[in-house]
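Hydrogens, waters and symmetry mates are skipped; everything else that's a heavy atom, side chains included, is used. In what follows, chains are A, B, ... by sequence order, proteins preceding strands, each numbered from 1.
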Amino acid sequence: MENGNIKIETKNINAFYGEKKVLHNIDLQMEANTVTAFIGPSGCGKSTFLRLLNRMNDYIDGFRKEGDVLINGVDIYSKNTRIEELRKQVGMVFQKPNPFPKTIYENVVYGLRIQGIKDKQKLDAAVENSLKRSALWNEVKDDLQKNALSLSGGQQQRLCIARTLAVEPSIILMDEPASALDPISTAKIEELIYELKQDYTIVIVTHNMHQAGRVSDKTAFFLSGDLVEYNDTKAIFTSPKDQRTENYITGKFG
Amino acid sequence: MSKRSLNNQKDRWFQYFGIFSTLIGLILLALFIFQITRDGIGRIDWDFIVSLPSRFYAKAGILPAWTGTLWIFALTAIIVIPIGVGAGIYLQEYAKKGRLSNILEINIANLAGVPSIIYGIIGLEIFVRVLQMGGSLLAGAFTLALLILPIIIVATREAFKAVPKSIKEASYGLGATKWQTIWYQILPIASANIITGVILALARAIGETAPLIVIGALAYVPFVAKSPMDEFTVLPMQIFNWVSRPQHGFLMNAAAAILVLLVFVFILNGIAVYLRNRSRKKFGL
Ligand SMILES: Nc1ncnc2c1ncn2[C@@H]1O[C@H](COP(=O)(O)OP(=O)(O)O)[C@@H](O)[C@H]1O
Ligand SMILES: [Mg+2]
């Protein structure tokens, strides 16, 4: 890729659960302020690869990786990287909405509280700001002290996005963020992703190809742990170079 | 007969057997409570609660015994909660998984099955003799703390395991350290289950007699303990003492004291059940 706008770069990534190799030699460069989608049939390694980008796999017993992940040119697996600092830079939204069983307010400010921020005005501002950005503010502004678990699934997921935004990351990883939601909530999340692209680098896993087509600028197609094809989303969907990509997007399998 | 209907029949028989066994247990318990109440209820009055023991059964009371039980309850809790919960958290969240932690895990589970009198012997050696606590409340509390420590470690680990992984990942994902995640997210969710485990374990501890006899708790204590270093008795010791007397009047006293002890234990169990239900509702555990 020509420009110096590379935000995330992986070099020669191999990943293993125990003896089982699930990613083979993945080289990928993701640009700043773009939405990159990972598509592919379930079990092909999308989540594993995504979770490598904020070291979420570190907690899985028996997981091992080879190769490097660079963010802003810095090796995030080096000894000098503080994992907590990395997570502040690289936020994550999970497949199933996972709000904390606390109030809406406390959910949003959690990432700030653990940084030691106590100033009430700052926290209040962050709550309003993040909830506005995640398009949830109007629905919850009068119930900030309500338990987050009382929200609908779609609202919970937008709360999880707000919680991530509050920490002010520059990258947001999303692992099938809408797969557990109804179509209306899904549309809201997709709209949101489009908005957020202005300020964030977004990587989204989806096994819904239409979603990838709608929200992403670049698409990477994975199959059985291989990166088969990576290109502009338009190109992937209109003129895929690899036969396997074509088979997948035309619904011949997966 | 087809295999399916045979299985159905087996199912049904097993169900009958289960209901039958449960009923037997409940009936025996009901009979026991009925008999104890019949014998003891007449003896319970204010004087009985606030009197010291006596050679005359009509004048004897349980003041030193129930205050001793409260002391033991509180001291044991203070000792065992930080150690047991701390060890549980360590084993669950920090200890490297491997052969050593496996061995440790199996042994802790086994410890819960060691007869309580063995703990009495350990307590006698370590707390009474080596640490020179004598037959004091403190020695008793340490001994009982040792006895219920494995239960509390296991309860803590189970409570931690019940917290969804997604909560941990959410916390880590926002930049929290392991300790912050434990402190702000896992513990609040797990705490009701931990407390439930602690209360049930303490309910067991205050019913113990054997280990306290071994460490030298007294059967006859004509005073109320004022400090952890005082000698003491507890309700089960008092009951044990009274039932071994020949006069029928003392048996009635014992029944009355058993009722008081049962009330203690039922209240504790009630609190435990309440907390567990509340946490189920609140966190969906
Ligand atoms: N924690 C784990 N332990 C062992 N194997 C795993 C684990 N997580 C995922 N896998 C395996 O790794 C492969 C890739 O999984 P994943 O990255 O979740 O795929 P995707 O997100 O594309 O569905 C699958 O074969 C899956 O079974
Ligand atoms: Mg996945």
Side-chain angles (χ1 to χ4, degrees), chain A residues 47 50-51 53-62 82-102 106-117 130 147-150 156-157 159-169 171-175 180, chain B residues 89-106 157-196 274-285:
Chain A
S47 296
L50 186 79
R51 291 161 59 94
L53 307 182
N54 70 343
R55 296 185 57 173
M56 216 32 120
N57 292 329
D58 285 20
Y59 304 107
I60 297 175
D61 285 328
R82 271 200 62 209
I83 203 163
E84 293 82 24
E85 293 300 321
L86 169 70
R87 266 63 172 284
K88 281 189 227 161
Q89 274 304 304
V90 188
M92 187 163 213
V93 177
F94 298 84
Q95 185 164 358
K96 234 182 99 220
N98 55 353
F100 302 123
K102 299 176 187 282
E106 283 306 320
N107 264 276
V108 181
V109 298
Y110 178 67
L112 300 175
R113 281 207 197 281
I114 57 178
Q115 293 176 31
I117 297 172
S130 313
N147 193 308
L149 296 179
S150 65
Q156 287 187 10
Q157 194 62 305
L159 177 64
C160 291
I161 294 175
R163 177 175 76 178
T164 303
L165 298 181
V167 183
E168 299 181 3
I171 298 171
I172 302 176
L173 310 176
M174 300 183 168
D175 193 350
Chain B
I89 293 176
Y90 174 78
L91 288 174
Q92 187 61 28
E93 296 292 321
Y94 288 92
K96 286 228 168 59
K97 309 278 177 287
R99 172 117 31 108
L100 189 69
S101 79
N102 269 344
I103 293 174
L104 217 56
E105 195 163 324
I106 292 168
R157 298 190 61 172
E158 292 303 322
F160 265 56
K161 274 188 212 158
V163 176
K165 207 179 78 195
S166 61
I167 294 289
K168 269 169 133 176
E169 290 194 329
S171 177
Y172 288 138
L174 291 163
T177 62
K178 191 170 215 169
W179 176 245
Q180 286 172 327
T181 301
I182 291 173
W183 185 251
Y184 293 115
Q185 302 299 347
I186 306 181
L187 258 183
I189 298 175
S191 64
N193 280 347
I194 294 175
I195 295 169
T196 304
Y274 168 76
L275 283 174
R276 195 164 48 201
N277 286 344
R278 204 184 59 163
S279 104
R280 285 222 177 113
K281 260 202 214 109
K282 199 162 158 204
F283 302 115
L285 291 183

Part of [X] within contact of chain B (heavy atom distance under 4.5 Å):
X      : result
A/D61  : side chain
A/P169 : neither
A/F94  : side chain
A/K96  : neither

Kindly write out the residues that satisfy side chain to side chain donor-acceptor pair (under 3.5 Å) with A/S150, not counting sequence neighbours, or none if the list is empty. none
Assess the residue pair A/M92 and B/Y172 against the criterion (side chain to side chain contact (heavy atoms under 4.5 Å, CB included)); give the C-alpha distance rounded to whole Å, side-chain angles, the decisive distance to 0.1 Å, and a yes or no. CA-CA 10 Å; A/M92 187 163 213; B/Y172 288 138; over 6 Å; no
So, does A/N98 use its side chain to make a donor-acceptor pair with the main chain of B/S166 at under 3.5 Å?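 Side chain of A/N98 to backbone of B/S166, a donor-acceptor pair under 3.5 Å: yes, one is there.
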Inter-residue atom distance B/T181.OG1 - A/I114.CD1, 0.5 Å rounding: 7.0 Å
Nearest 0.5 Å, what's the CD-CD distance between A/E84 and B/Q180? 7.5 Å
A/Y59 atom OH, over 12 foreign heavy atoms within 6.0 Å: yes
Report the option among A/G111, A/C160, A/P101, A/A166 that has the most heavy-atom pairs separated by less than 4.5 Å from atoms of chain B. A/P101
Give the member of A/Q89, A/K102, A/R82 that has the highest number of heavy-atom pairs under 4.5 Å with chain B. A/K102
Derivation and outcome, side chain to side chain contact (heavy atoms under 4.5 Å, CB included), residues B/L174 and A/R163: CA-CA 8 Å; B/L174 291 163; A/R163 177 175 76 178; 3.4 Å; yes
Please collect all salt bridge (charged side-chain N to carboxylate O under 4.0 Å, His left out) contacts where either partner lies in residues 162-178 of chain B, sequence neighbours excluded, each pair once. A/R51-B/E169, B/E93-B/K168
